[in-house]
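Just below is one structure, and these are the notes that go with it.
All ligand and atom numbering here is 1-based and tracks the order in the structure.
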Amino acid sequence: TDQGYTYDLLVIGGGSGGLAAAKEAVGLGAKVAVLDYVSPSPIGTTWGLGGTCVNVGCIPKKLMHQAALLGEAIHEAATFGWQLDPKTVKIDWEALRTSVQNHVKSVNWVTRVELRTKKVEYFNALGHFKDAHTVVGTTKKGEEKVFTAKDILIAVGGRPRYPDIPGAVEYGITSDDIFSLERAPGKTLVVGAGYIGLECAGFLNGLGYDTTLMARSIVLRGFDRQMAEHVAEEMQQRGVNFIYEAKVKKIAKQEDGRLLVDWVDKDGQIHQDVYDTVLFAIGRRSLTQELKPENAGLKLIPETGKIDAVNEQSNVPNIYAVGDVLHKKPELTPVAIHAGKLLARRLYGNSTEKMDYTNVATTVFSPLEYGCVGLSEEAAVALHGQDEIEIFHAYYKPTEFFVPQKSPDRCYVKVVALRHGDERVLGMHFVGPNAGEVIQGFAAAIKCGLTIPKLKSTVGIHPTVAEEFTRIFITKRSGLDPKPQS
Ligand code: FAD
Ligand code: NA7
């Protein structure tokens, strides 16, 4: 490059954010290299190019969720006249795992080919800073290669944490291992009640495994409380055993190979249970320490190791960051991708467009899914005051639930809006089938400034579950019963 560096952009981390930025940057004429390296999990799981989402996140998770939904659908099919015997239906874990892993491997391959075609140079090496423009990449064989670049993008994401208790690292697994687990998980304890814990417990229960979820406090911290409770109650009704306000103390391996778990309840009482699998989903650690950030003068948030960037720029002017390593930003694939693309356009195109991290929609793929965009009821009230917020809500009965007589008890929609002025919609929440598909379009509407009158004047599509949003009229303030009257 003109300043004597080998590359215009060096990306550390070939996941959602890093690859999006790299591809966009080469398209704009920059010379780009990507380093990606996966350190094996404690039980030795490893994977290919593409980062968390493709290998051990969104994609295998959605496939296993889909497998669980299909199991549910098989049981429903008989009520619609399909001739089958639901009693003989069971999952073949090895076959499921193989199908999921085959898909993941095909994505790894397509990703590699795409990088080659687009002329992004890819190196399977673990990067660390030598200085603000120099990164050393270490290969699996221990060989070192030195890279210099004008700009450096940190997109290293994170990895699951383990609790500091005996046996956790030796015998526990995490989301990094579950999607490629050699043996069927069997009776499983999921520790942690964030969205990853709930999703894993949800699909394992749906696949027919005896599943317990242990929460040290509440489920889905940060999400709308009422919606979070609906999700958890529904899972409980479907057979997931919930233990609240409890913590694992110790895991030991019995002679028969099963795991003996000591846990303590809220009264300090110790209990013991035996499981085949213990899966920790207690949050994720950013992989920034390994970067030797001090060599580049890069500052991290001390408590979390995250990067406090302004418009994706760190405290070092030529060092940028996108994705899960960013402090207080949504940890979602499309967020990482969008921020990465926009950053590349600002650096190598003539763009000035900045990433907008507000009103990003998301979905928890629990057995009954939960999709949302914008503010929770609590956040809206905290921000504007109770008097200024109107909450519209309704329970509804999905048409597809009638014939199999599925319980619609927790199918529920909620719209959070300003009470006065233009009655702007601040948040939308949906628990029910296909929640992600339902919420995505409304996220666009909110970007366009959706108001309650506009929502009410939208004609629904019948019979769908998404149309429930266009029919809302009951406010919490009115005290009217939000249960369907028919
Ligand atoms: P990553 O995708 O994690 O990529 C970082 C890459 O950098 C990795 O390959 C890593 O090995 C590599 N790396 C790290 N350090 C170095 C180094 N020093 N040198 C070289 N390479 C390095 N998001 C959604 O939007 N929807 C979902 O449904 C969803 N489900 C999820 C389910 C699970 C179980 C998990 C764990 C996550 C899920 N996510 C989901 C979150 C999503 O996967 C992340 O937000 C996204 O992958 C973040 O992208 P990233 O680019 O920041 O990092
Ligand atoms: P989250 O969303 O950070 O949730 C972690 C969960 O684990 C949460 O329920 C925590 O309870 C619980 N937790 C945290 N530490 C412990 C310990 N030591 N013991 C038991 N339970 C614990 O993590 P996820 O893995 O679901 O998701 C990771 C990120 O990916 C998340 O930020 C998403 O945005 C994307 P708490 O509520 O703190 O009491």
Next on the checklist: Does Q289, at its CD atom, have more than 12 non-hydrogen atoms belonging to other residues, nucleotides or ligands within less than 6.0 Å?
Outcome noted: no
Item to check | Location of contacts on R216 toward ligand 2, heavy atoms closer than 4.0 Å | outcome: side chain
Checklist entry - Can you find a side-chain donor-acceptor pair between N241 and T212 that sits under 3.5 Å? => result yes
Checklist entry - Has the side chain of D273 got a donor or acceptor atom that lies under 3.5 Å from a matching backbone atom of L259? => result no
Checklist entry - Nearest 0.5 Å, what's the OG1-CD distance between T363 and E369? => result 7.0 Å
Item to check | Interatomic distance, Q101 atom CD to F179 atom CZ [nearest 0.5 angstrom] | outcome: 9.5 Å
Next on the checklist: Using a plain distance cutoff, I'd like to know if G17 has any nitrogen or oxygen under 3.5 Å from a nitrogen or oxygen of ligand 1.
Outcome noted: yes
Item to check | Salt bridge flag under 4.0 Å for residues D324 and K329 | outcome: no
Next on the checklist: Among all the protein's non-hydrogen atoms, which is closest to atom 29 (C) of ligand 1, and how far away is it?
Outcome noted: C58 SG, 3.3 Å
Checklist outcome for this item: At under 4.0 Å between heavy atoms, what of V56 touches ligand 1? The answer is backbone
Item to check | Closest candidate by heavy atom, reference atom 28 (C) of ligand 2, pool M214, R285, R284 | outcome: R284
Checklist entry - Among all protein non-hydrogen atoms, which one is nearest to atom 9 (O) of ligand 2, and what is the separation to 0.1 Å? => result A193 N, 2.9 Å
Next on the checklist: Would L332 count as being in polar contact with ligand 1, using the rule that some N or O on each side must be under 3.5 angstrom apart?
Outcome noted: yes
Next on the checklist: Taking only non-hydrogen atoms of R161, do any sit less than 4.0 angstrom from ligand 2?
Outcome noted: yes
Item to check | Per-atom contacts of ligand 1 with G51, taking only distances under 4.0 Å to non-hydrogen atoms | outcome: 2 (O), 4 (O), 8 (C), 9 (O)
Item to check | Distance filter under 4.0 Å to C53 heavy atoms, resulting ligand 1 atoms | outcome: 43 (O), 47 (O)
Checklist outcome for this item: Filtering L326, I12, T333, V54 for the heavy atom nearest atom 46 (C) of ligand 1 leaves T333
Next on the checklist: Under a 3.5 Å distance rule, please check whether H429 uses its side chain to pair with a backbone N or O of L375 as donor and acceptor.
Outcome noted: yes
Item to check | Salt-bridge present (K354, E312; N to O < 4.0 Å) | outcome: no
Checklist entry - How many angstroms lie between SG in C372 and CE in M428, if you round to the nearest 0.5 Å? => result 11.5 Å
Checklist entry - When you measure from atom 19 (N) of ligand 2 to every protein heavy atom, which one gives the shortest distance, and what is it? => result K247 CE, 3.9 Å
Next on the checklist: Less than 4.0 Å is my threshold; does some heavy atom of A281 fall inside it relative to ligand 2?
Outcome noted: yes
Checklist entry - Do any nitrogen or oxygen atoms of T52 come within less than 3.5 Å of a nitrogen or oxygen of ligand 1? => result yes
Next on the checklist: Between ligand 1 and G323, is the shortest N or O to N or O distance under 3.5 Å?
Outcome noted: no
Checklist outcome for this item: Near L291 (heavy-atom distance under 4.0 Å), the atoms of ligand 1 are 18 (N)
Checklist entry - Tell me, which protein residue and heavy-atom name are nearest atom 33 (C) of ligand 1, and how many Å apart are they? => result G57 CA, 3.4 Å
Checklist entry - Nearest protein heavy atom to atom 9 (O) of ligand 1, by residue and atom, and its distance? => result D36 OD1, 2.7 Å
Checklist entry - What residue and atom, counting heavy atoms only, is the protein's closest point to atom 37 (O) of ligand 2, and at what distance? => result R221 NE, 2.7 Å
Next on the checklist: Could you check whether K61 pairs with E199 (Lys NZ or Arg NE/NH1/NH2 to Asp/Glu carboxylate O, under 4.0 Å)?
Outcome noted: yes
Item to check | Side-chain ion pair, R285 and E290, N-O less than 4.0 Å | outcome: yes
Checklist entry - What protein heavy atom sits nearest atom 26 (O) of ligand 2, and how far away is it? => result I196 N, 3.2 Å
Next on the checklist: Whether the S99 and N102 side chains hold a donor-acceptor pair (N or O, under 3.5 Å, no angle test) is what I'd like checked.
Outcome noted: no
Item to check | Residue selection (non-hydrogen contact nearest atom 5 (C) of ligand 1) among G18, G13, A155, A339 | outcome: A155
Checklist entry - Do any N/O atoms on S217 end up under 3.5 angstrom from N/O atoms on ligand 2? => result yes
Checklist outcome for this item: The atoms of ligand 2 lying under 4.0 Å from a heavy atom of G192, numbered in the order shown, are 7 (O)
Checklist entry - What's the shortest distance from atom 20 (C) of ligand 2 to any protein heavy atom, and which residue and atom give it? => result I282 CG2, 3.8 Å
Checklist entry - Between R258 and D276, is there a salt bridge with N-O shorter than 4.0 Å? => result yes
Item to check | Which residue and heavy atom of the protein sit nearest atom 53 (O) of ligand 1, plus the separation | outcome: G157 CA, 3.4 Å
Next on the checklist: Among all protein heavy atoms in this structure, tell me which lies nearest to atom 32 (O) of ligand 2, with the distance rounded to 0.1 Å.
Outcome noted: E331 OE1, 3.4 Å
Checklist outcome for this item: Ranked by distance from atom 14 (C) of ligand 1, the top protein heavy atom is V156 O, 3.3 Å
Checklist entry - What part of R284, side chain, backbone, both or neither, has a heavy atom within less than 4.0 angstrom of ligand 1? => result side chain
Next on the checklist: Using a 4.0 Å cutoff against the non-hydrogen atoms of A125, which atoms of ligand 1 qualify?
Outcome noted: 19 (N), 20 (C)
Checklist outcome for this item: Looking only at protein heavy atoms, what sits closest to atom 30 (N) of ligand 1 is K61 NZ, 3.0 Å
Checklist entry - atom 4 (O) of ligand 1: which protein heavy atom is closest, and how many Å away? => result G15 CA, 3.3 Å
Next on the checklist: Checking side-chain polar atoms at under 3.5 Å, does E121 have a donor or acceptor matched by the opposite partner on Y7?
Outcome noted: yes
Next on the checklist: So that I can tick it off, tell me whether R183 and E94 are bridged by a salt bridge, with the cut-off set at under 4.0 angstrom between side-chain N and carboxylate O.
Outcome noted: no
Checklist entry - Do any nitrogen or oxygen atoms of Y37 lie less than 3.5 angstrom from nitrogen or oxygen atoms of ligand 1? => result yes
Item to check | Side-chain ion pair, R225 and E377, N-O less than 4.0 Å | outcome: no
Checklist entry - Does any N or O atom in G194 lie less than 3.5 angstrom from one in ligand 2, N or O only? => result yes
Checklist entry - Cut-off 3.5 Å, side chains only: do T134 and T148 have a donor facing an acceptor? => result no
Checklist entry - Do the side chain of N124 and the main chain of D36 share a donor and acceptor less than 3.5 angstrom apart? => result yes
Checklist outcome for this item: atom 33 (C) of ligand 2: of F280, Y195, Y162, F223, the nearest heavy atom sits on Y195
Checklist entry - Can a salt bridge be assigned to the pair E331 and K306 using a cut-off of 4.0 Å between side-chain N and carboxylate O? => result yes
Checklist entry - Looking at ligand 1, does any of its N/O atoms fall within less than 3.5 Å of an N/O of D324? => result yes
Next on the checklist: Whether E72 and R238 form a salt bridge (side-chain N of Lys/Arg under 4.0 Å from carboxylate O of Asp/Glu) is what I want to check.
Outcome noted: yes
Next on the checklist: I want to know if ligand 1 touches Y195 in the polar sense, i.e. an N/O pair below 3.5 angstrom.
Outcome noted: yes
Item to check | Residue selection (non-hydrogen contact nearest atom 17 (C) of ligand 1) among L126, V325, T46, N55 | outcome: L126
Item to check | Closest protein heavy atom (residue, atom, distance) for atom 23 (O) of ligand 2 | outcome: G283 CA, 3.3 Å
Item to check | K299 bridged to D308 by N-O distance under 4.0 Å | outcome: no
Next on the checklist: Quick check on contacts: which atoms of ligand 1 are under 4.0 angstrom from a heavy atom of V38?
Outcome noted: 11 (O)
Checklist entry - So between S16, P160, A20, whose heavy atom ends up nearest atom 47 (O) of ligand 1? => result S16
Item to check | Note: E114-K23 ion pair, threshold 4.0 Å (strictly below) | outcome: yes
Item to check | Heavy-atom nearest neighbour in the protein, as seen from atom 18 (N) of ligand 1, with distance rounded to 0.1 Å | outcome: G127 O, 3.0 Å
